[in-house]
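Below, chain A is the first sequence line, B the second, and so on; all start at residue 1.
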Amino acid sequence: MLETEMLSRIQFALNISFHILFPTITIALCWFLVFFKVRYDQTQHPVWMRAYRFWVKVFALTFALGVVSGITMSFQFGTNWPGYMEKVGNIAGPLLGYEVLTAFFLEATFLGIMLFGMKKVSAKVHTFATIVVAIGTTLSAFWILSLNSWMHTPTGFEIRDGVVFPVDWFAVIFNPSFPYRFFHMMIASGLTASFLVAGLSAYRLLLGDEKQAPKLTLKVGLTVAVILAPLQAFVGDLHGLNTFEHQPQKVAAMEGAWETGTNAPLLLFAIPDEETRTNSYELGIPNLASWILTHKADGEIKGLNDFIDNHPPVKPVFYGFRVMVGMGLLMILVAWLARFQLYKQQKVSKGLLKVLVWMSFSGWIATLAGWYVTEIGRQPYLVSGILTVKEAVTDIAAENVVISLTMYVVVYLCLLVAYLHTIFLLAKRAVKVEEFENEELTNVTSPYREDEWENNHV
Amino acid sequence: MFDQQSLAVIFVSLMALSTLLYVILDGYDLGVGMLLPIEKKEHADTMIASIGPFWDANETWLVFAVGLLLIAFPAAYNLILKALYLPSVVMLIGLILRGVAFDFRAKAAVSHRKTWDKTFKAGSFIAALSQGYILGIYVTGFEQSWMATCFAIMSAFGVACAYMLIGACWLVMKTNGELQQTAIKYAQRCVAITFIGVVLVSGLNLWVNPEVYEKWFTWPYGLFLLPIPMVCCIAFFLCFNVLRHLKKMPEHGSGLPFFITVFIFTLSFFGLSFSFFPDIVPNQLTIWQSVAAPESLNFILWGAFIVVPTILAYTIYSYRVFWGKADELNYY
Ligand code: HDD
Ligand code: HEM
Ligand code: HEM
């Protein structure tokens with residue numbers, strides 16, 4: 001049987017991977033909702049309300065999953081990584097604390113008004129509540145990414161008696177990799193949400209939905225994706241340069257570079273082998289990696305052999321990186337093609353709509369791949385240079401972790417299936433609803449209300 | 001800047017405050033969840049409508065309490081969570097199930113609604129029972145004995161019943177008509193059982209923990225403390241009578257039982273915390289032994305001074321927005 005350390009790692013990775021699926025959507029989707037709501041307040045055109053009402057349902061469901069899986073996360077540090085809190089608790093504690101204080105309460109309280117208060121408060125207050133929830137989710141990402149970045153590139157601390165103490169909070173929060181990670185993650189969230197918006201709208205159009213709302217949301221989603229996808233590649237490149245400076249062994253694993261050398265090629269494909277410390281089936285573009293990372297064709301890149309016994313497992317980092325970048329390039333291609341068609345012909349072809357449906361959750365794949373690169377790339381450390389995973393692990397019996405892990409796997413799998421099923425079900429149901437009701441067109445100032453709760457309008 | 005000693009007291013008080021708020025607030029929505037009738041759809045809808053806008057914020061007090069433990073008393077956080085590993089996982093699974101079922105039931109196909117209602121109810125039960133169980137083990141200082149387990153199981157049922165009581169009182173306040181009458185009936189039953197539960201748990205606690213006994217029955221503390229159980233008894237009695245009265249005249253003071261219950265929760269909580277102060281892990285670790293670095297605590301404290309009142313303010317605002325009887329269920 002596996003020992004406690006490995007089981008705890010699997011459990012932690014499972015929990016956080018499940019958790020991050022939902023925040024990536026909600027962080028940006030909430031800003032989409034703000035946009036729909038503000039446009040409605042400005043124009044009073046019911047199509048914006050329709051867009052809002054459909055997407056707020058998707059949002060609420062996603063948010064609920066994000067909240068419950070997040071609560072699990074805040075227990076994980078104590079249950080499985082006691083060494084973590086002992087060693088760096090003085091840093092991690094306040095950052096997590098500020099996340100709860102400034103973000104969680106804000107979003108959770110105003111969420112109530114946003115979801116259930118449309119008839120109880122004025123349109124202005126309701127829009128305000130929506131904006132506050134969006135700010136809350138973004139703030140929450142700010143704090144947790146600050147902590148995570150600190151674990152990659154720790155600064156602003158000193159070690160006394162083997163325990164980390166903060167010296168300069170500004171340096172802790174705005175540590176060297178934080179700006180890159182924060183923007184890369186925010187854009188990742190924007191891309192995930194925009195592909196979801198475009199994908200589900202495409203799904204509705206393919207089912208024969210002739211209404212204005214899905215056409216509008218398709219356009220909004222694609223427009224955002226067209227801007228963000230190339231921007232992400234640019235920010236990702238900067239992020240890589242930052243990592244090259246602070247965690248060269250991670251970049252070596254991402255590039256699959258064993259030997260230190262100049263004129264390093266950019267490997268499009270290879271099978272790295274840690275036993276023989278070579279790659280097979282290499283396919284690469286000469287000099288490109290050197291050029292990207294040092295802006296010189298003959299720039300030097302440190303290889304993995306310079307970090308023997310002290311570098312991460314190569315395969316997952318190497319492949320993960322290619323999955324993420326590949327997905328990023330695909331996103332650029334598809335978003336531009338579809339948006340261009342929409343611009344030229346006022347509609348997107350059937351084939352491309354189908355591609356968009358398939359890419360509804362492509363953001364998830366890229367995001368998970370990216371996190372795996374970054375987190376596995378930090379191994380064997382938990383906090384770079386300060387604390388290894390081994391030192392942090394709990395000593396509870398492996399059987400207990402097996403029990404908890406099994407419970408999580410079962411519950412999470414069921415929830416994931418139910419979530420995906422319900423999301424597409426919501427879209428299918430929206431197809432059957434009529435365009436606008438007379439009441440909405442004659443009395444556009446009154447917020448639209450539902451008569452029966454099962455009767456899910458768009 | 002505060003020194004480490006005062007910081008320990010400030011943080012343990014903050015933690016007590018947020019735990020108490022959690023127990024009251026999530027207590028009522030877990031209670032409503034446990035009382036959910038699967039067969040009566042209209043009632044279930046109204047009940048869920050009455051907690052819809054609040055449950056998420058309510059649960060956040062748990063995250064805050066755990067967060068404070070983690071920030072201020074990392075050693076205790078590790079010790080407690082390690083000792084409570086499986087019960088806390090079970091509790092989390094319960095919270096997960098009820099949190100998502102709540103949203104799924106509104107959006108899934110009509111044919112699946114009942115399944116989600118059952119999930120909601122089961123999740124609420126699992127969460128409440130495991131919280132009670134955790135309380136029981138905690139109070140006995142993580143003792144591994146047959147007696148301690150029995151005590152924990154009893155405490156599990158006690159807490160679940162107390163949550164049902166506050167949940168039923170919440171419904172008495174937020175609903176009317178047939179549902180309100182049903183809620184009154186539930187509340188009456190729960191008041192009686194909760195009363196017995198509180199008496200039993202307090203008695204056993206005195207019996208099991210000689211230190212606690214000493215605290216309550218030495219001069220002059222005893223004199224100040226004696227009013228607590230007495231007032232508590234009076235409150236129970238009052239609650240019982242108000243409920244009986246409401247049966248006939250449901251319009252007058254339907255909020256009273258809820259506030260009396262909140263009062264009872266507060267007193268019991270205060271009594272319990274007093275019994276153990278300054279231990280953060282009963283009989284093992286005091287707050288002074290486990291408190292974190294003052295640099296960190298001061299840094300978060302200034303934020304807390306500003307933010308906590310703000311949180312309370314907008315929480316009150318949100319309760320005002322949804323004041324009065326719950327409407328029919330109306331999503332967004
Ligand atoms: C980049 C974003 C991000 C990342 C990396 C994480 N989270 Fe998260 N988390 C959010 C973004 C987020 C969010 C967007 O703010 C959520 C999702 C849905 C929600 O309600 O808030 C959230 C919810 C959420 C909640 C529930 C809050 C509530 O009750 O409203 C908790 C307790 C956590 N998270 C804790 C964690 C921990 C301990 C993490 C790391 C180990 C973590 N999250 C990673
Ligand atoms: C949200 C996206 C995230 C994902 C998908 C993710 C994924 C992962 C994965 C896959 C590992 C396992 C690496 C390995 O063991 O080989 C890991 C490790 C770890 N990560 Fe993250 N992570 C995320 C964010 C965070 C954040 C925000 C924190 C803390 C603030 C964090 C803290 C840790 C810790 C403590 C470990 C060590 C445990 C371990 O090695 O398994 N992670 N993460
Ligand atoms: C297209 C070109 C892209 C490049 C060049 C790029 C580059 C990078 C690099 C170098 C890292 C590793 C950071 C580290 O070393 O710690 C990273 C991480 C990550 N990437 Fe990308 N990326 C790209 C596209 C994407 C896309 C499309 C997404 C998601 C939609 C995404 C999501 C992430 C996430 C979530 C992480 C982990 C968090 C972080 O460290 O920021 N990336 N990316």
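Taking chain B as the reference chain and counting heavy-atom pairs below 4.5 Å, the highest number among Val411(A), Leu106(A), Val121(A) is found for Leu106(A). Interface summary for chain A: among Val308(B), Val100(B), Leu62(B), Asn58(B), the most heavy-atom pairs under 4.5 angstrom belong to Val100(B). Chain A forms the most heavy-atom pairs under 4.5 Å with one residue out of Trp55(B), Trp61(B), Phe54(B), and that residue is Trp61(B). Ranked by heavy-atom pairs shorter than 4.5 Å toward chain B, the options Ile113(A), Leu101(A), Thr422(A) are led by Leu101(A). Taking Val167(A), Leu95(A), Val125(A), Val401(A) one by one and counting their heavy-atom pairs under 4.5 Å with chain B, the maximum is reached by Val401(A). The most heavy-atom pairs under 4.5 Å with chain A, out of Ile93(B), Val307(B), Ile96(B), come from Ile96(B). Interface check for chain B: of the options Pro166(A), Gly89(A), Ala129(A), Gly83(A), the most heavy-atom pairs under 4.5 Å are formed by Pro166(A).
The shortest distance between side-chain heavy atoms of Ile71(A) and Leu92(B) falls below 4.5 Å. The shortest distance between side-chain heavy atoms of Val90(B) and Met407(A) falls below 4.5 Å.
Taken from CZ in Phe105(A) to OG1 in Thr60(B), the straight-line distance is 5.5 Å, to the nearest 0.5 Å. Once rounded to the nearest 0.5 Å, the distance linking OG of Ser296(B) with CZ of Phe165(A) reads 8.0 Å. Here the OH atom belonging to Tyr317(B) is positioned 12.0 Å from the OG1 atom belonging to Thr109(A), to the nearest 0.5 angstrom. The distance from atom CG of Asp103(B) to atom OH of Tyr419(A), rounded to the nearest 0.5 Å, is 10.5 Å.
Only the side chain of Ile403(A) comes within contact range of chain B, with at least one heavy atom under 4.5 Å from a heavy atom of that chain. Interface remark: Phe59(A) contributes no atoms to any contact with chain B (heavy atom separation under 4.5 Å). With a 4.5 angstrom heavy-atom cutoff, Ile423(A) does not touch chain B via any of its atoms. For a residue to count as touching a neighbouring chain, one of its non-hydrogen atoms must lie under 4.5 Å from one of that chain's; by this rule Phe110(A) touches chain B with the side chain only.
No more than 12 heavy atoms of other residues, nucleotides or ligands lie within 6.0 Å of CZ in Phe128(A), so this atom counts as exposed by the packing criterion.
Tyr85(B) approaches Asn400(A) most closely through the heavy-atom pair CE2-O, 3.5 Å. The shortest heavy-atom contact between Phe322(B) and Gly112(A) is CZ-O, 3.5 Å.
Within residues 64-82 of chain B, the residues having any heavy atom less than 4.5 Å from a heavy atom of chain A are, in residue-number order, Phe64(B), Val66(B), Leu70(B), Ile71(B), Pro74(B), Tyr77(B), Asn78(B), Leu81(B), Lys82(B).
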